[in-house]
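Accompanying notes for the structure given below.
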Amino acid sequence: PSDIEGNMESATVIDLIPWMEYEFRIIATNTLGTGEPSMPSQRIRTEGAPPNVAPSDVGGGGGSNRELTITWMPLSREYHYGNNFGYIVAFKPFGEKEWRRVTVTNPEIGRYVHKDESMPPSTQYQVKVKAFNNKGDGPFSLTAVIYSAQDGPHSPTSGSALFSVYFMEDLCSWLPL
């Protein structure tokens with residue numbers, strides 16, 4: 001509260017952010033004016049809580065053969081709300097029921113690359129990401145649709161030829177795969 005009656009010896013501060021350090025000062029005011037602020041209180045840390053914000057900008061796709069690259073915007077420190085902060089990345093081929101989940105324990109990283117030799121190229125996937133800490137899991141992000149990496153060429157082109165056309169020019173041709 002901004003104003004407290006003079007005979008009160010304590011007050012409750014509300015709407016503090018979980019797992020954040022605070023310090024407080026008191027300023028006395030009466031009909032004669034306003035006094036100097038008190039010395040700061042000892043720093044206190046509020047209790048932790050599960051994250052309540054989902055990562056944003058979930059997307060990805062591309063990468064190397066047999067890879068699925070998933071990206072998101074990492075949450076800033078003020079939204080960690082506790083120790084052991086990280087992300088749970090969930091993904092599945094479009095239309096399947098079971099979500100595969102992996103844990104990313106570095107809170108600064110907003111990228112996960114899944115490698116699977118049996119993954120078909122250019123496959124549509126649904127992906128979502130949520131934050132967690134030692135107090136629990138936060139909500140999942142909106143589900144995004146991305147594609148696994150395209151397959152690279154398996155064999156060199158055939159029928160290629162190089163012809164010298166002019167002194168400073170060459171003509172190159174090939175047959176498509």
Only pairs under 3.5 Å count here: list side-chain donor-acceptor contacts from residues 130-139, not counting sequence neighbours, and write none if there are none.
{"from": "Lys130", "atom 1": "NZ", "to": "Asp137", "atom 2": "OD2", "distance (Å)": "3.1"}
{"from": "Asn133", "atom 1": "OD1", "to": "Lys135", "atom 2": "N", "distance (Å)": "2.7"}
{"from": "Asn133", "atom 1": "OD1", "to": "Gly136", "atom 2": "N", "distance (Å)": "3.2"}
{"from": "Asn133", "atom 1": "ND2", "to": "Ala49", "atom 2": "O", "distance (Å)": "2.8"}
{"from": "Asn133", "atom 1": "ND2", "to": "His80", "atom 2": "O", "distance (Å)": "2.8"}
{"from": "Asn133", "atom 1": "ND2", "to": "Tyr81", "atom 2": "O", "distance (Å)": "3.3"}
{"from": "Asn134", "atom 1": "OD1", "to": "Asn83", "atom 2": "N", "distance (Å)": "3.0"}

> How far apart are the closest heavy atoms of Lys92 and Glu98, and which atoms are they?
Replying inline: CB-O, 3.3 Å

> Are Val113 and Ile109 connected, step by step, through hydrophobic side chains (Ile, Leu, Val, Met, Phe, Trp, Tyr) whose heavy atoms are closer than 4.5 Å?
Replying inline: no

> How far apart are the closest heavy atoms of Ala149 and Gly63, and which atoms are they?
Replying inline: CB-O, 3.5 Å

> Any chain of hydrophobic side-chain contacts (each under 4.5 Å) joining Phe85 to Trp19?
Replying inline: no

> Do Ile26 and Met8 sit in the same hydrophobic cluster, where Ile, Leu, Val, Met, Phe, Trp and Tyr count as joined when their side-chain heavy atoms come under 4.5 Å apart?
Replying inline: no

> Are Ile146 and Val104 co-members of a hydrophobic cluster defined by side-chain heavy atoms under 4.5 Å apart?
Replying inline: yes

>> Could you check whether any side-chain heavy atom of Asp57 comes within less than 4.5 Å of a side-chain heavy atom of Trp72, counting everything from C-beta outward?
In response: no

> Under a 4.5 Å side-chain heavy-atom rule over Ile, Leu, Val, Met, Phe, Trp and Tyr, are Val102 and Val127 clustered together?
Replying inline: yes

>> Any side-chain to backbone donor/acceptor pair from Ser148 onto Ser122? Under 3.5 Å, distance only.
In response: yes

>> Surrounding CD1 of Ile44 (heavy atoms of other residues, nucleotides or ligands, distance under 6.0 Å), is the total greater than 12?
In response: yes

> Atom OG1 of Thr123 and atom CG of Leu68: how far apart are they, to the nearest 0.5 Å?
Replying inline: 9.0 Å

>> Is it the case that over 12 heavy atoms from other parts of the model lie below 6.0 angstrom from the CG atom of Leu16?
In response: yes

>> Given 3.5 Å as the limit, does a donor-acceptor pair link the side chain of Thr143 with the main chain of Gln126, or not?
In response: no

> What is the minimum heavy-atom distance between Gly60 and Thr71, and which atoms define it?
Replying inline: N-OG1, 3.5 Å

>> Can a donor-acceptor pair be found, under 3.5 Å and without considering hydrogens, that links the side chain of Arg66 to the backbone of Met119?
In response: yes

>> Would you compute the distance between atom OG1 of Thr29 and atom CD1 of Ile4 and round it to the nearest 0.5 angstrom?
In response: 11.0 Å

> Atom CD in Glu108, atom CG in Leu75: separation rounded to 0.5 Å?
Replying inline: 10.5 Å

>> Set out, in order, the CA-CA distance, both residues' side-chain angles and the distance that settles side-chain contact (heavy atoms from CB on, under 4.5 Å) for Val58 and Lys128, then state yes or no.
In response: CA-CA 7 Å; Val58 175; Lys128 57 187 179 179; 5.7 Å; no

> For Met73, does the CE atom sit with more than 12 other heavy atoms under 6.0 Å from it, leaving out its own atoms?
Replying inline: no

> Does a side-chain heavy-atom distance below 4.5 Å link Tyr125 with Val145?
Replying inline: no

> Distance from Ile70 atom CD1 to Arg111 atom CZ, nearest 0.5 Å?
Replying inline: 10.5 Å

> Members other than Tyr147 in its cluster, when Ile, Leu, Val, Met, Phe, Trp, Tyr link by side-chain heavy atoms under 4.5 Å?
Replying inline: none

> Backbone N or O of Ser64 within a donor-acceptor pair of the Glu67 side chain at under 3.5 Å?
Replying inline: yes

>> Strictly by salt bridge (Lys or Arg N to Asp or Glu O under 4.0 Å), give each pair with a member in residues 15-43 just once, sequence neighbours left out.
In response: Glu21-Arg43, Glu21-Arg45, Glu23-Arg43

>> I'd like to know whether the aromatic ring centres of Phe91 and Trp99 sit less than 6.0 Å apart in this structure.
In response: no

>> What's the separation between atom CE in Met20 and atom OH in Tyr79, rounded to the nearest 0.5 Å?
In response: 9.0 Å

